[in-house]
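Since the structure is predicted, the reported quantities are computational estimates derived from the model, not experimental observations. Note on naming: letters A, B, ... go to the chains in the order of the sequence lines (proteins, then strands), and numbering restarts at 1 for each one. Only this structure's heavy atoms are used, side chains among them; waters, hydrogens and symmetry mates stay out.
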There are 2 protein chains.
Amino acid sequence: MRTSPAIQHDLLGAAVLHLRSGRAASRSTLAVALGLAPSTVGLYVDQLIADGYVDESGLEQGPLGRPKRRLATQRTAGWFAGVEFNAERVQAVSVDFSGQRVAALSKWLPDDADTRTVLHAIKTLLAGLEKNAQGPLLAIGAGAPGVVDPRAGVGAHYAFIADWRNVPLAESLRERFEVPVTVENNLRVIALAERWFGGGRDLDDYVVLGPRSGFGVAIVHGGQLMRGVHFAAGEMGRWPWAMGEGRPAGELHDALSAPAVWRKLAGATPRARLPEDLRVALVKFTDATGTAWDEIISDYAKAIGCLQLLFDTECFFLHGPVTSLGERFCAEVVAAVRATMPALAESPLRIVPSALGDDAGALGAASLAMESWVPAFAQ
Amino acid sequence: MRTSPAIQHDLLGAAVLHLRSGRAASRSTLAVALGLAPSTVGLYVDQLIADGYVDESGLEQGPLGRPKRRLATQRTAGWFAGVEFNAERVQAVSVDFSGQRVAALSKWLPDDADTRTVLHAIKTLLAGLEKNAQGPLLAIGAGAPGVVDPRAGVGAHYAFIADWRNVPLAESLRERFEVPVTVENNLRVIALAERWFGGGRDLDDYVVLGPRSGFGVAIVHGGQLMRGVHFAAGEMGRWPWAMGEGRPAGELHDALSAPAVWRKLAGATPRARLPEDLRVALVKFTDATGTAWDEIISDYAKAIGCLQLLFDTECFFLHGPVTSLGERFCAEVVAAVRATMPALAESPLRIVPSALGDDAGALGAASLAMESWVPAFAQ
DNA sequence: GAGTATTAGTGCGAATTCGAAATAAATGAC
DNA sequence: GTCATTTATTTCGAATTCGCACTAATACTC
C-alpha cells in the first residue's frame, strides 16, 4: 500500500502532457521522461488515476521482460478550447482530454470588424462548442494576429482590425468562461499545432513558414518557441528583397506572400477570398511551369536557404494557402536551394507541406491550452 | 547546528556560478536565483564554505533590515583554462576561481600548420599557464574554428587547417591534463565571453556578429547558445548577397567580412595580417567618408536589419577586427537600419562594439570551463 | 514445467528539501 | 536606551523524493 499521495501539481501536469503526447505510455517510460524515480512516478500515477485523469488500458509487451502497463489520458476528464482569428474570420475547436479533436466552428467576420465584434464572435463560438461538449472546460488557448504579449495575455496591436490595441484578451475570456486562458501569436500557435497534431511530434528544432497576407516564420528552438524580446520575432516578410527585372527593391512579402504567389501564377487578380484564387492558380500550375513558377521557386529557395544557414534546423513546415502547391513545390524548392547555394549543396534540408488543415491555428491554440493546464487543487 | 550536509553536486555548481557571476551575493539572493528554499541554500553554502570554494567577506546593508552576509567565490580554490585558435594562431588564458583573468599566452602558427602542430601548440600554451598558476587546474574549455560537436568533444571539420577532420580535441586534452574538457565553436564561445566578461551580463537574448575571414553570427536565445541540429547555425556568411554595381551576385562574406571591409576602405590590399590593414584603413576612414564607407554601412544595416526582424533580440555585439571602427560605425549602422527598413524605423535597436579585446575567444573558452565545472565528490 | 534472464512496478527506510516559526541584525521612532 | 519594523538566516519537524531490495510478469532454455 502506498504511503502518501504527493501533491506536486505542476509535475502532475507534466506527466499528463507526456502521456497525452504519447512520449510516454507507462510508469517506467514516464519516469525516464520526467527524470524522476520510478517509485515517485508510481505515486503520481496513482494520484492521476484516483482523480480520473488517467486510465490503465492494457499491457504492452516489449521484446523481453514484464510488459508495461499502458497508461492513457481519460478522454472524458474534460476538454480544451482553442480559438484563432484574423481580420477575416474566427475559428474554434474543442479537444478532449486525450488530445483528440472533437468539434470545430468558424465564423466569417464583416469587412469592418472591430475589436468589439471580434471579441463577441470569439465568445459566441466558444459558447457554441461548450454546448455540445462533455465534461468541464479546463482551459482556453487563443491565437491572435499581430504582436501578442503572452505574459500579460494581451493583444498588443494588429493593423487590420480597427482599434486592436492592448486588448486584454486573456482577461476578457477568463471572466466570461472562468478557466485559465493563454494567448499567443497566430503563427507561433501553428508551430504548437505542428508539435501536437502534425509532423513536429519528435522534433525540437523546426521552423514554420507562414505565407498568408504577409510572410512570417515561427521558430522552435530546443522545443521552445522563439518569441523575441518585444514578441516580434519572425517578421521575415519585412526583409528587403530584390524584386524582378523592373522594380529594383521591395520587401520579401511582396514576392512570397500568398497573394503575391497567386498574382504571379494566375495573373493579376484583385484581392479576393483566397480559396478561389487558389483554384485558378492550380489550374494554371498543372499545365505550365513558366517563368512565374521558376521565379517563385527561386525566391522561396533563397529565403529558406537563408533561414537554414542561420538556424540549421531540422525541418521546415509550409503553412497557409501556398501549401496547396504540394509536395512538388517543396521538392523543387529543396532542389533549388541545393543548386543555387553552395554551402547547402549537401544539406539534408527538409521542407514539408503541413498535413494540418485549415484550422491549424485553432488546433494550435488548443495545444496552448493543453500545455498550460495543471490539475486543480484536489481536496 | 545544521543537521546533514547535502551533496547535490550540480546544484553546488550552479550556486557557484551565480556567486561568481554576481547574479547572487548572499544566501537569500542565491535562494531566489536557484529557486530553492532559504533553509536549503543555507545547507549548500555551508558545504561550499567547508570545502573552501566560497568565503564570507562581510556584510551588505540594504535600506532596512538585517544586512546580507556577502558571499564570494574563493579566488585560490583553483583555476580554469581557456584556449581558442584558428589557422593563424592559438591563444590561451587562465582564470581564477572567482572568474578573474590571471594570465594569457599566445602563439602564431606557421602557414602550413596541420592538426598535429595545432594540438601541440595548444598543449604547450596550457602547460605554460599551468606553470605559473596557483591551485589545481579544474577544467579546460576550448574554442575551435569550423564545425564543432560539443557533445562528442570533436572538431568535425575546418577548411583552413590541414587534415582537421573529426579531431577528438576534448579527449586529447583530457588525457594530457586529466581534467574535464569542453569544446565549442569559436564564435559561440565568444558569445559566452560576452556574458561573463562583456556587455551580455544581464542579457538572455543577444547576437554576436563575427566578421573575420568569413562572417558568422552566434545567437543566444533564452540564455542558451543556438547551435543547430548539425552544429552549423549562424553561417550567415554564405547568404546570397547582391554585390555592387558591377557584379550582380555573390555571398554575404564577400561584402561584409573583415578583409572585404578593409579592401573597400583601403583600396585593394593583398591578403595580409589584419592589424596592419587595420591601421591603413583607420587613417583613410578618419579623413573621408566616401562611397566605400556608405556601402559598408548600408550592407551591414541590411544584414543586421534582417537578423533583427527574425530574432527581435536585445543587443548585437560586434566582434573581430571591424570593431576598431568603433561607436561611430555602430551608430551609423543603427541609423541606416532605421532609415532604410520601415518595419524597424521605431526599433530600439542596439549595436555595440565589443569591449572585450583580442582574446575574447580564449576568455569565452574559459567561461565554457567555468560553466561546465561542478565540485568533485568530496569525501 | 522448472529455471534463468529481463524488464516493470512497488514497498519502505533513508536522504533531501521544504515551510513556518524562531532567532539575528540592522534602522528608525519615541 | 527601548521598542516596533524590516530583512536575513537558522532551526526543526514535516513532506517529498530517492535508492534499493523485492515482487511481478513475461520469454526463452532445457
Task: Which residue lies more 5' along DNA chain D, comparing B:P38 with A:L11 via nearest heavy atoms - done: B:P38

Task: Which residue lies more 5' along DNA chain D, comparing A:L36 with A:P63 via nearest heavy atoms - done: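 Nearest-nucleotide comparison on DNA chain D picks A:L36.
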
Atom [atom1] of [X] and atom [atom2] of [N]: how far apart are they, to the nearest Å?
X	N	atom1	atom2	answer
A:R27	C:dG11	CZ	C1'	14 Å
B:K68	C:dA24	NZ	C1'	15 Å
A:I49	C:dG9	CD1	C1'	12 Å
A:L30	C:dT10	CG	P	12 Å
A:E60	D:dA24	CD	P	23 Å
B:D46	D:dC12	CG	P	14 Å

Task: Enclosure of B:Q224 CD (heavy-atom neighbours >12, cutoff 6.0 Å) - done: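 Open.
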
- [ ] Let me know, please, whether A:T29 or B:T40 comes out on the 5' side of the other along DNA chain C by nearest nucleotide.
- [x] A:T29

- [ ] Report yes if a donor N or O on one partner sits less than 3.5 Å from an acceptor N or O on the other, where the partners are the side chain of A:S39 and the base of D:dG19; otherwise report no.
- [x] yes

Open item on the list: Counting distance alone, no hydrogens or angles: does the base of C:dA26 have a donor or acceptor under 3.5 Å from a partner atom on the side chain of B:R66?
Closed with: no

Task: A:M226 side chain near B:M226 side chain, heavy-atom distance below 4.5 Å - done: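 The answer is yes; the side chains approach within 4.5 Å.
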
Open item on the list: Measuring from the side chain of A:A37 (C-beta onward, heavy atoms only), which nucleotide among D:dC18, D:dA8, D:dT10 has the closest atom?
Closed with: D:dC18

TODO: Between D:dT6, D:dT10, C:dT17, spot the one nearest the side chain of B:L64, thanks.
DONE: D:dT6

Looking at [N], I'd like to know if its phosphate oxygens (OP1 or OP2) sit under 4.0 Å from a side-chain N or O belonging to [X].
X	N	answer
B:Y44	C:dT17	yes
A:S28	C:dG9	yes
A:R69	C:dT7	no

Task: N-O pairing of B:R69 and B:E56 below 4.0 Å - done: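 Judged by the 4.0 Å cut-off on N to carboxylate O distance, B:R69 and B:E56 do form a salt bridge.
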
Open item on the list: Can you tell whether the side chains of B:R227 and B:E184 come within less than 4.0 Å, N to carboxylate O?
Closed with: yes

- [ ] Drop me the distance from A:R27's CZ to A:L43's CG, to the nearest 0.5 angstrom.
- [x]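 One finds 11.0 Å between CZ of A:R27 and CG of A:L43.
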
